[in-house]
Number of protein chains: 2
Amino acid sequence: MAVIKKERKPKPDANTTRIQDPEGTRRNILEIASKEFALNGLSGARIDEIAARTRFSKRMIYYYFGDKEGLYLRALENAYRQVREGEAQLDIEGLPPVAALTRLVEFTFDHHHRHEEFIRMVMIENIHHGQYLEQSNAIRELNVTAIDHISRIYSRGVEEGVFRPGLDAVELHWQISALCFFNVSNRTTFSMIFGRDFGAPAQLERLKRNSVEMLLRFVAKDEAPAER
Amino acid sequence: MAVIKKERKPKPDANTTRIQDPEGTRRNILEIASKEFALNGLSGARIDEIAARTRFSKRMIYYYFGDKEGLYLRALENAYRQVREGEAQLDIEGLPPVAALTRLVEFTFDHHHRHEEFIRMVMIENIHHGQYLEQSNAIRELNVTAIDHISRIYSRGVEEGVFRPGLDAVELHWQISALCFFNVSNRTTFSMIFGRDFGAPAQLERLKRNSVEMLLRFVAKDEAPAER
DNA sequence: AGTTATGTACGAACTGGTTCGTTCACGACA
DNA sequence: TGTCGTGAACGAACCAGTTCGTACATAACT
């Protein structure tokens, strides 16, 4: 409803000595807030603490984000956007199906591992029953393309006769996600309970290789070892 | 400040038998607290809210559990204990390796599904970097036996020549856990993002079958479709 | 009687959100 | 070129509601 007629900024190019930098302010606040929310959860995070860590005052948080939940929602969207953008880095065009799937799983594994903050935000959001994800129409758009990769790889694999038909791309994505997500999300408790560092490089390599193998064997054309 | 006349509860009257039941009080409090913590997390849960839902007053919580974190710790231990006890139900003795593994995965899948509260507590605890699990020496003891099943099945499978050697029981357990845990922990966001109800019975059956197949194919003796 | 168990009222600290006023860049204009 | 009006950007202090934890009184049991 706010019709902007001011147009106070005459020259968008004039970034000579901008002392006032609303976009930068927003970014700085969001960056800090993302860390705090990922670390402490929605109710655990403290607005005063976030403010203290930014270069600005609490007033600015409310000025730009309205309230705590608004800030959290933006942090959530921010996390999804960052990760989805990172996924665009993956290039599997031209690779034969098996190599492509291998690379996809390895990439996903590493990618999740690099973005623990995102993993934590997703966990937190699940704790909240997706209450905030639901409010964000921005996030869903980002994700429709998430199964594109696996979908294309799988189709090609079936066409070429190396993958068995009848499988579902979304379910394959689900399986890859499960293996890669769990590795980050539950590493702490798993390591504690079994007295073994599941974050150690060598161990991670093993888990990654296992994940790749699981997927490859699952989609492979040859018969399953046991028919139920 | 309005001085409110103390309206003491009318005496319980002719209560012949035990009116004081410390163990029952503890149990009642712990039961309610477990639900609240699983629902709202440590910082999200409210002591007053927990007290209101019990048959007792907030005073009793502090009397029996010391403070909020003490109560949370007990709730966490309670969740682990309940689930581990449930796992003892599984009987795979005498089954051939493939059938045993099948049943183990199916059971784990269903068991996790039935104990969402436990799943949520584990998620919450991971958010806290296992800070409270660390304090509990009771929990670790419960879990050393958790890999016993998979370990025995796998050994037997290798001996009988149906499973390939060189795999690690703890890693197998890790893989089974990943698939089964994720199904509960991330169902909400996953369903939202892909616009598909991953909690629907038919869908669950598919996911369960996929999980079983993944494990069976992973341990199967036959060669992998792709050697890296 | 003395110990255990329980409820009620309350306080100190915390926390999300607001109020009010100041600073600063920028352009109009003398 | 210097001054001044204007609105966006921002900070310190404050407010009202919340929340953990406790003091005190009292009932029940041994």
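The sequence lines fix the lettering, A, B, ..., with proteins before strands; numbering per chain opens at 1.
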Worksheet item: Parallel, tilted or perpendicular for Tyr132(A) and His128(A), by the 30°/60° rule?
Response: perpendicular
Worksheet entry | Arg46(A) side-chain N/O to dG16(C) phosphate OP1/OP2 under 4.0 Å | yes
Discussion item. Considering every strand and a 4.0 Å limit on heavy-atom distances, what is the contact class for Tyr63(B): base, sugar-phosphate, or nothing?
Written reply: base
Fill in: Length of the line joining Ile47(B):CD1 and dT22(D):P, which is rounded to integer Å
12 Å
Practice prompt. Under 4.0 Å between any heavy atoms, over every strand shown, what does Arg59(B) touch: base, sugar-phosphate, or nothing? Just pick one.
Written response: base
Worksheet entry | Pairing of Arg196(B) and Glu171(A) as salt bridge, 4.0 angstrom limit | yes
Item to complete: Measure the distance from OH on Tyr64(A) to C1' on dA8(D) and round it to the nearest whole Å.
Response: 8 Å
Item to complete: Please determine if Glu106(A) and Arg103(A) form a salt bridge, counting it only when a charged side-chain N lies under 4.0 Å from a carboxylate O.
Response: no
Item to complete: May I ask you to say what Ala45(A) touches in the nucleic acid, namely base, sugar-phosphate or nothing, with a heavy-atom cut-off under 4.0 Å?
Response: sugar-phosphate
Fill in: Glu31(B)/Arg27(B) salt bridge by N-O under 4.0 Å criterion
no
Fill in: Length of the line joining Ile29(A):CD1 and dG11(D):C1', which is rounded to integer Å
13 Å
Worksheet item: Quick one: Lys58(B) NZ to dT18(D) P, roughly how many Å, whole number?
Response: 14 Å
Item to complete: Assign Arg26(A) to base, sugar-phosphate, or nothing according to its heavy-atom contacts below 4.0 angstrom with the strands shown.
Response: nothing
Practice prompt. Whole angstrom is fine here: how far is it from CE in Met60(B) over to P in dG21(D)?
Written response: 16 Å
Worksheet item: Looking across every strand, which nucleic acid part, if any, lies under 4.0 Å from Phe65(B) by heavy atom: base, sugar-phosphate, or nothing?
Response: nothing
